[in-house]
Amino acid sequence: MATAVEVHDLKAWFGKTEALHGINMAVEAKHATAVIGPSGCGKSTFIRCLNRMHETNPEAKSEGTVRVGGVDVYEMPAVDVRRRVGMVFQKPNPFPTMTIYDNVAAGLKLNGTHNRKILDDIVEHSLQQAALWDEVKDILKKQSGASLSGGQQQRLCIARALAVSPEVMLMDEPASALDPISTAKIEDLIFELKQKLTIVIVTHNMQQASRVAEFTGFFLMGNLIEFDKTEKIFTNPSDKRTEDYITGRFG
Amino acid sequence: MPNRNISLRRQMTDYFFTGLAASLSVIVVSALIAILAYLVLRGAGSLNLSFLTQTPKPVGETGGGMANALLGSVMILGIASLFGVPVGIGAGIYLAEYGRNRLGQLVRFTSDVLNGVPSIVIGLVAYGLVVLPQRHFSAFAGGVALAIMMIPTVARTTEEMLLLVPHAVREAAFGIGIPQWRTTISITLPTARAGIITGVMLAFARVAGETAPLMFTAFGNQFWSFSANQPIAALPLQIFTYAITPYDDWHRQAWAGALMLVILIVGTTTLVRFVFMRRMLGGAR
Ligand SMILES: Nc1ncnc2c1ncn2[C@@H]1O[C@H](COP(=O)(O)OP(=O)(O)O)[C@@H](O)[C@H]1O
Ligand SMILES: [Mg+2]
């Protein structure tokens, strides 16, 4: 059992408001960890601290340590952190002016990889990993990423994140804007992906958490209330507040 | 039935406002068409080969043309765009991506004030900056004057167009480790391209017809000049010179010059759109 991401006493602010009050968590490598909790409890803020996206907000500040593969993310350039720790957002956000191919290749091209063969291989491999290759292989360079359906766009965004070979993939409610069939495809994908990399997924949907994740953390008002095996969280939580949440008494 | 009445009233209101909006649009469009039609009516007859190939004839002789003024306008506008567009776009990028601070506020305020400064004052500034130190009028000085006029429009439209690009697009780029400057150049700017080009063309069209700032910068010239360093003719200057004379032939040429100016602006705008918009699907470069 190896730890991919180690979070120690992590605090985060928006201006003067403290959104996270000291989080400790060890994320298991090559497994999926779900982050659940009511709206506004700090789930997005938490995962955005893991790849230093939090600090792209001019108001934002954070404190504590986050180690990825044993290295403190604040000791690395932020752009390197974000290549090692990829991110998929709630709403699919392909680059609107780029073709499908260029969307996937963007992370490599814009960081200096221009070898056609290498790019072609990585684009194909990433799209296959994202289970989108068969649907787009004939329109790769003809159509814009924005011309795809919502579910396809989200898988395109996953392929785009995979193309820079991250060790960890953060997913912030990746299926909440999608229809049930697209959602099922994303869940299948998570199953495949966690053979190769570590996944942290925020979800509103408790069935989803129990389907895809081995571990689950329950957040409430900026605190990590309970973090354990998913099964334990959903069948026999130790904390009364976790039980109240999963049985639907609040949130 | 009361329901029926309400929906009827709503429908009437709907028709009324749709009609109102349509008629107002017609007014706007007819003003434009009327101006263009009148220009064609008065100018087209004199817009002949000699107009396009010859320089002005001395007073008293008929014939001649505005070929040198057309070239002069092209040169001055080229120089103006060369300086004005990059500076304006650069300032716009700064304002949109980094300008949430004191300096940003100052630049924004200054550029709005600059936008309102009368063009003749800008001409005087260019006279002081370029003509006085060099001790002669020049196409370059005219270009500088027009560039100064283009900058605020280009800067502010660039800023607005970049701010219209959804934050999610920038986040997507940061999320795969693309540095901010790269994101701006390769992702945000291309996304806002159409709007920025429109802003640049608007600024271009606006300064293309300026006369006052050229009077003591480019100055005008009755002869050919191919140098950026010499006084040069320009369509608006030549139109002005001819329009205030008592000669019918020169009046006709002034009309033709005005028509030529409009053709120059519309032609450039169309060409630029064609070149830059043809492939809206740009790649990652
Ligand atoms: N951009 C922001 N500016 C200010 N406060 C924010 C911002 N984003 C989130 N917050 C606040 O931080 C807290 C946590 O938000 P978030 O992490 O988005 O919650 P969740 O993802 O669990 O719904 C909330 O109280 C929210 O109001
Ligand atoms: Mg959230």
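Just the heavy atoms: all of them, side chains too, but no hydrogens, waters or symmetry mates, feed the values below. All figures in this text were calculated on a predicted structure; none of them were measured in a lab. Note on naming: letters A, B, ... go to the chains in the order of the sequence lines (proteins, then strands), and numbering restarts at 1 for each one.
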Taking every heavy-atom pair that is under 4.5 Å apart, which of B:V165, B:I178, B:V169, B:T183 has the most such pairs with chain A? B:I178

Once rounded to the nearest 0.5 Å, what's the spacing between atom CD1 of B:I176 and atom CG of A:L108? 8.5 Å

In short, B:A172 meets A:F89 closest at the heavy-atom pair CA-CE1, 4.0 Å

B:Q180 versus chain A, heavy atoms under 4.5 Å apart: side chain, backbone, both or neither? neither

Heavy-atom pair count under 4.5 Å with chain B, highest-scoring of A:N111, A:V85, A:V79: A:V79

CG-CZ distance between A:N93 and B:R170, expressed to the nearest 0.5 angstrom: 12.5 Å

Under 4.5 Å heavy-atom distance to chain B, tell me which part of A:P58 shows up: side chain, backbone, both or neither. side chain

Surrounding NZ of A:K196 (heavy atoms of other residues, nucleotides or ligands, distance under 6.0 Å), is the total greater than 12? no

How far does CE of A:M98 sit from CD1 of B:I187, to the nearest 0.5 angstrom? 4.0 Å

Go through the atoms of A:R160 and report whether side chain, backbone, both or neither lie under 4.5 Å from a heavy atom of chain B. both

Using a strict threshold of under 4.0 Å (side-chain N to carboxylate O), is an ion pair present between A:E59 and B:R100? no

Which pair of non-hydrogen atoms, one from B:P190 and one from A:T97, has the smallest distance, and what is that distance? O-CG2, 3.5 Å

Just so I know, are the side chains of B:E171 and A:K91 near enough to count as touching, which here means a heavy-atom distance under 4.5 Å? no

